[in-house]
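Only one structure is covered here, and it is reproduced in the block below.
From a predicted model like this one, the values you see are computed outputs, not experimental measurements. FYI, the numbering just counts along the sequence from 1. Numbering of ligands and ligand atoms starts at 1, following listing order. Reckoned from all heavy atoms, side chains included, excluding hydrogens, waters and symmetry mates.
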Amino acid sequence: MAATDLERFSNEEKRNLSLGGHVGFDSLPDQLVSKSVTQGFSFNILCVGETGIGKSTLMNTLFNTTFETEEASHYESAVRLRPRTYDLQESNVHLKLTIVDAVGFGDQINKDESYRPIVEYIDTQFENYLQEELKIRRSLFNYHDTRIHVCLYFITPTGHSLKSLDLVTMKKLDSKVNIIPIIAKADTISKSELHKFKIKIMSELVSNGVQIYQFPTDDEAVAEINSAMNAHLPFAVVGSTEEVKVGNKLVRARQYPWGVVQVENESHCDFVKLREMLIRVNMEDLREQTHTRHYELYRRCKLEEMGFKDTDPDSQPFSLQETYETKRKEFLGELQKKEEEMRQMFVNKVKETEAELKEKERELHEKFEHLKRIHQEEKRKVEDKRRELEEEMNTFNRRKVAVETLQSQSLQATSQQPLKKDKDKKNFFSLPTACSITSGRHVN
Ligand code: GTP
Ligand code: MG
């Protein structure tokens, strides 16, 4: 089909036709429901609040069960995220619920970095999902989606205002997750104080530009209740797993010497409102918002960071293939440049080492020549000495022979001329002195 035909066809108004009888596609929503039920649902809650603020108690109260709880110590050196996943079933609906606790939140002296591990955890879950999406063989159908669908932010019931830690953390999280702020342990604050506290919190959130989750009002079926509930934010909640007898009914409550605070009594606290909004009315919207708003934002930023674009500089659509090719070329070019640099570096290094070796060789050679010269000099001196000694030895031997000859002559003379004995004896003893004067040297 030619491009112009295609354009004309897509611009044409679609015609409404009536069916002659029952065809069956009105069962599509039922098919969808049935498929979803078979598949099961996952829902992930992040609880952020100070240690001991009542996070675990509220989770137990919300889901009417007892999750594993482990008291956090106040001495954590940094905030740590602890996820726990549970399989829950109500009627025939399976829910894979993950509760993530921000352990040690608010316990450090320096709280500047407290938000960071939380942001990193949320991003890691987005990244895992993105990696699964980018795989050639994707299995999103049975992928365990760990992306955080809602962050319940537990505010300490001070009655004053939000702490800067609360504002900073919520600000850092608001583009990444649906935040529902709640005032914890609301039974510890009086009714009038609570009213003022709620107004203060909301005005602080607005003035600091913190975006909290708004219950959707575009679906007619829930628009009314949701807009009414938006006005009640932040919910002031009380949690308890204790059951107290009120009238002839056992209800979840907290018992005090002066009375009983009933968790599910709407005039006592907003627990029921929170449960309605979080679980019964807006759970699917929270999941959807996570996917279409927060995850989409993460994905877009991440892909743009990686160099992917939808349009080229002339606003023409840019295909994935083209982006891939451009990136590949860029990468190959860079690789070549790096290779060339490395090769050059290697050549330079070899040259440097070669020059160093040559210098060392020259030095060694010079040293060798010097030593050789010294050795030859020494050898010559020793030779001279040897020759001198030999000469002296010869002289000595000659003298010895002369002395011996003289001695034998004198002995002979003595035997012939006994009278001349004394004179000859005198000559004999004076002879070595005369000899040494003649040679001019001492024999050692
Ligand atoms: P960590 O996990 O150790 O940080 O504590 P947490 O935030 O999970 O608090 P947890 O639910 O363990 O509750 C701590 C204490 O607060 C317990 O003694 C609870 O009984 C009490 N508590 C919980 N919820 C409320 C509440 O709504 N009001 C009051 N007054 N006390 C509460
Ligand atoms: Mg806990």
Side-chain angles (χ1 to χ4, degrees), residues 44-86 97-109 111 114-115 117-118 121 148 150-160 162-163 165-166 169-170 179-191 193-195 197-198 201 232-244 246 251-275 277-278:
N44 308 318
I45 306 177
L46 168 67
C47 294
V48 181
E50 289 173 10
T51 304
I53 192 75
K55 303 183 286 288
S56 306
T57 311
L58 188 76
M59 286 301 111
N60 289 343
T61 321
L62 269 175
F63 288 92
N64 206 4
T65 185
T66 313
F67 297 114
E68 290 168 69
T69 47
E70 196 182 290
E71 253 183 48
S73 97
H74 283 273
Y75 305 105
E76 296 276 345
S77 57
V79 178
R80 174 169 59 85
L81 279 291
R82 185 181 57 198
R84 295 243 163 97
T85 303
Y86 308 91
L97 177 73
T98 301
I99 299 172
V100 186
D101 253 332
V103 181
F105 185 77
D107 284 336
Q108 294 74 38
I109 294 170
K111 301 180 181 68
S114 296
Y115 71 87
I118 305 174
Y121 181 87
I148 299 294
V150 66
C151 163
L152 291 180
Y153 196 95
F154 290 69
I155 298 166
T156 317
T158 58
H160 284 257
L162 283 172
K163 296 177 185 179
L165 173 67
D166 299 330
T169 310
M170 280 197 259
I179 303 176
I180 300 184
I182 52 181
I183 300 169
K185 299 190 178 180
D187 52 330
T188 61
I189 188 166
S190 78
K191 205 172 171 179
E193 278 172 343
L194 182 66
H195 182 65
F197 192 38
K198 277 191 178 191
I201 289 170
H232 272 95
L233 285 168
F235 294 135
V237 297
V238 174
S240 174
T241 42
E242 205 183 315
E243 296 210 310
V244 177
V246 175
V251 293
R252 263 177 307 153
R254 299 189 73 85
Q255 200 164 17
Y256 294 105
W258 56 87
V260 171
V261 181
Q262 294 170 36
V263 170
E264 293 181 57
N265 186 330
E266 286 203 56
S267 62
H268 290 189
C269 72
D270 299 331
F271 172 81
V272 172
K273 293 187 181 73
L274 173 69
R275 189 178 58 195
M277 290 293 98
L278 178 72

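Heavy atoms of Asp101 come nearer than 4.0 angstrom to ligand 1 in no pair at all. Not close to ligand 1: Phe271, with no non-hydrogen atom less than 4.0 angstrom away.
Ranking the protein heavy atoms by distance from atom 30 (N) of ligand 1 puts Asp187 OD2, 3.0 Å first. The protein atom (non-hydrogen) at minimum distance from atom 20 (O) of ligand 1 is Arg254 NH2, 3.3 Å. From the protein, the heavy atom lying nearest to atom 3 (O) of ligand 1 is Ala72 N, 2.8 Å. The single protein non-hydrogen atom nearest to atom 2 (O) of ligand 1 is Ser56 OG, 3.9 Å, given as residue, atom name and distance. Ranking the protein heavy atoms by distance from atom 23 (C) of ligand 1 puts Thr57 OG1, 3.4 Å first. Closest to atom 26 (C) of ligand 1 among all protein heavy atoms lies Lys185 CG, 3.5 Å. In this structure, the protein non-hydrogen atom closest to atom 24 (N) of ligand 1 is Gly239 O, 3.6 Å.
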- prompt: Given the rule in the side chain to side chain donor-acceptor pair (under 3.5 Å) test, do Asn60 and Thr66 qualify, once you have shown the distances and angles that lead to the verdict?
  reply: CA-CA 5 Å; Asn60 289 343; Thr66 313; 5.3 Å; no
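Under the 4.0 Å distance rule, the nearest protein heavy atom to atom 10 (P) of ligand 1 falls inside the cut-off.
Under 4.0 Å from ligand 1, the heavy atoms of Tyr256 that appear belong solely to its side chain.
Between Asp270 and Lys198, at least one side-chain nitrogen of the basic residue sits less than 4.0 Å from a carboxylate oxygen of the acidic one, meeting the salt-bridge criterion. Taking the charged nitrogens against the carboxylate oxygens, Glu242 and Arg252 have no contact shorter than 4.0 Å, which rules out a salt bridge. Under a 4.0 Å N-O distance rule, the pair Arg82/Glu68 does not qualify as a salt bridge.
Close contacts between ligand 1 and Thr51 involve ligand atoms 3 (O), 4 (O) [criterion: under 4.0 Å to a heavy atom]. Those atoms of ligand 1 with a heavy atom of Lys55 less than 4.0 angstrom away are 4 (O), 6 (P), 7 (O), 8 (O), 9 (O), 11 (O).
Taken to the nearest 0.5 Å, the OG1 atom of Thr241 stands 12.0 Å off from the CZ atom of Phe67. If you take CZ on Phe197 and CD1 on Ile189, they are separated by 5.5 Å, rounding to the nearest 0.5 Å. Here CD1 of Ile183 is found 10.5 Å from OG1 of Thr156. Values are rounded to the nearest 0.5 Å.
By the 4.5 Å heavy-atom criterion applied to side chains, Phe154 and Val237 are not counted as neighbours. Side chains of Leu58 and Ile182 form a contact here, defined as non-hydrogen atoms less than 4.5 Å apart.
In the model, Arg84 has no side-chain atom that pairs as donor or acceptor with a side-chain atom of Tyr86 under 3.5 Å.
For the pair Val238 and ligand 1, the shortest N or O to N or O distance does not fall below 3.5 Å. The distance criterion of under 3.5 Å between nitrogen or oxygen atoms is met by Gly54 with respect to ligand 1. The distance criterion of under 3.5 Å between nitrogen or oxygen atoms is not met by Thr188 with respect to ligand 1.
Within the coordination shell of the Mg ion (ligand 2), defined by N, O or S atoms under 2.8 Å, Thr51 is absent.
Taking each of Ala184, Gly49, Gly52 in turn, the one with a heavy atom nearest to atom 5 (O) of ligand 1 proves to be Gly52.
For the side chain to side chain contact (heavy atoms under 4.5 Å, CB included) test with Leu81, the passing option among Val103, Ile148, Leu46 is Leu46; the others fail.
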